[in-house]
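Working notes for the structure below.
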Amino acid sequence: MPEITAAVWNGGDSLQLERLRLADPGEGQVRVRMAAAGVCHSDLHIVKGEWARRYPQVLGHEGSGIVEECGPGVTSLEVGDHVVLSWTPYCGACPQCLRGRYVLCELAARTNNHLGDGLPRRWRGDEAVHAMGGLGTFGEQTVVPETGAIRIDRSLPLDIAALVGCAVTTGVCSVLNTAAVEPGSTVLVVGCGGVGLSAILGAVLVSAGQIIAVDLLDSKLELARRLGATHTINATGVSIPDEVRKLTDGRGVRYAFEAIGRGDTIEAAYQSLDAGGTMTIVGQVPDGVRISIDPYEMSDREKTLTGSNYGSAVPPLDFPRLLGWYAAGQLNLDPLIARRISLGDVNEAFAELATGRATRSVIVFDT
Ligand SMILES: [Zn+2]
Ligand SMILES: [Zn+2]
């Protein structure tokens, strides 16, 4: 059993660096040495108490690394493979997997993303330590099901690859897979964090027409423009639907994406739709949030309200193709990383994230 240093959440408002024992990989599992891990708003939801979760828990669900050891029966990976971790391992045999909805795998949902025996893989003395999304990327190493580690080309930078484990797939694939935006469509993206900016990149990738970005900070709106937004709205003190209509000849947009996870912005994004439009909730919503919409508009104006988990991705298909587009210069992921930090700086990264200013902080491990 290897020992690792990991950032552990013990129920408070910060993480502690602790030494833990990591189980050897079991049947169908691999041990991965982490190279990079992104600090995501979903981690912050847990630290701020906005999501009830079990503790102690190693946080972090976005990351990349190198396979160090394969358990018995592993067929798809070898030692030395570079991988992006996926919090939706899949069984490949349940009704959801069989219809291609890997992120909804029934076995993964039942075993808390561990598959197999569903047992915890980390220990502090005799106490089991949980792992966010079954991954716990804020640790030097992790053990995951082989379908939770997706092989990528070894020439790719592992810090950029880490982002594909959450923000990039969630944002880009919500546009490509969940909403299936057609070329030329008008697109609204509310919230310009890592996920929202990735949705903008997705809209650029599918040759959307107008791409309208909304945020409260001009610095983030400037970055949105750099990545391909054609119009921006600073939502401070204005009505988002009114401003969107001014930019769209009074119509509203064909596709809207909410990438924050707030009730008021979800309602505003929905109200910004043209007739026949689709609004997709991509942001992760704190426990207890409720929204109010007029259902008559859904029937009379044929508006659709839907949600997207992990961009409705098929990780073994989508992770390599996203990184292929990056390598070909078609997906401009480099500006998404604001800072590269060490594991010990994770609490500082949370404080920065809470201000709303930063895009991604990425923890880089010594490998
Ligand atoms: Zn995330
Ligand atoms: Zn399944």
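In each ligand, atom 1 is the first atom listed, and ligand 1 is the first ligand listed.
Taking a cut-off of 2.8 Å, the protein N, O or S atoms nearer than that to the Zn ion (ligand 1) are C40 SG, H61 NE2, C166 SG. The Zn ion (ligand 2) has C91 SG, C94 SG, C97 SG, C105 SG as protein N, O or S atoms under 2.8 Å away.
In this structure, R251 places its CZ atom where only 12 or fewer heavy-atom neighbours from other residues, nucleotides or ligands lie under 6.0 Å away.
Going from atom CD1 of I4 over to atom OG1 of T142 covers 7.0 Å, rounded to the nearest 0.5 Å. Atom SG of C91 and atom CD of E106 lie 7.5 Å apart (nearest 0.5 Å).
Side-chain atoms of T306 and T304 include no donor-acceptor pair closer than 3.5 Å.
We find that E3 and R21 are not joined by a salt bridge, their nearest charged nitrogen and carboxylate oxygen being 4.0 Å or further apart. E62 has a carboxylate O that lies under 4.0 Å from a charged side-chain N of R360, or vice versa, which qualifies the two as a salt bridge.
The six-membered or imidazole ring of W9 lies away from that of F138, with a centre-to-centre distance of 6.0 Å or more.
Note on ring orientation: taking the six-membered ring where Trp is involved, the planes of H41 and H45 are perpendicular (angle over 60°, cut-offs 30° and 60°). Classified by interplanar angle (parallel below 30°, tilted 30° to 60°, perpendicular above 60°), the ring pair H61/W87 is perpendicular.
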